[in-house]
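Take a look at the structure set out below.
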Amino acid sequence: MKVYDYNAKLDYGSTLNKGKRTEQAGREQADHAQTSVDAEPQGDRVSLSDEGRLRTEAYKEAMNAPEVREDKVAEIKAQIASGEYKIDSEKIAEGLLRDELDLFI
């Protein structure tokens, strides 16, 4: 393992000059930025991917959709009243198990 004596290599005069050079470069950048702003004003731009646009459209459609699907409710009520509506307990159990397994996988 090498041990360096960094204090022996410090040149405090060059550190001061470096500070001046950094300050001057900062001023030049500010001048250049001001010139480019004056010459060519540009605003912020946002670009969405096709997937982003589709998601936005889907979100808007979902927000505009009614909370309760009245037509579906009326259909099920009619099936219950006529005795045609059958509850498939196996299908319900499969769905519950699938949902639970999805939590662990």
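One is the number of the first residue; the rest follow in order along the sequence. As the structure is a prediction and not an experimental result, all values here were calculated from the model.
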Qualifying residues under side-chain contact (heavy atoms from CB on, under 4.5 Å), relative to D71, sequence neighbours excluded: R69
Non-neighbouring partners of R53 that pass side-chain contact (heavy atoms from CB on, under 4.5 Å), sequence neighbours left out: L48, D50
Solution key, residues 89-105 side-chain donor-acceptor pairs under 3.5 Å, sequence neighbours excluded:
none

All salt bridge (charged side-chain N to carboxylate O under 4.0 Å, His left out) counterparts of E51, not counting sequence neighbours: R55
Hydrophobic cluster (4.5 angstrom, side-chain heavy atoms) - remaining members for Y59: M63
Which atom pairs, donor and acceptor, lie under 3.5 Å between side-chain atoms of residues 72-87 and protein residues at least two apart or in another chain?
{"from": "S82", "atom 1": "OG", "to": "A78", "atom 2": "O", "distance (Å)": "3.2"}
{"from": "S82", "atom 1": "OG", "to": "Q79", "atom 2": "O", "distance (Å)": "3.2"}
{"from": "S82", "atom 1": "OG", "to": "E84", "atom 2": "OE2", "distance (Å)": "3.4"}

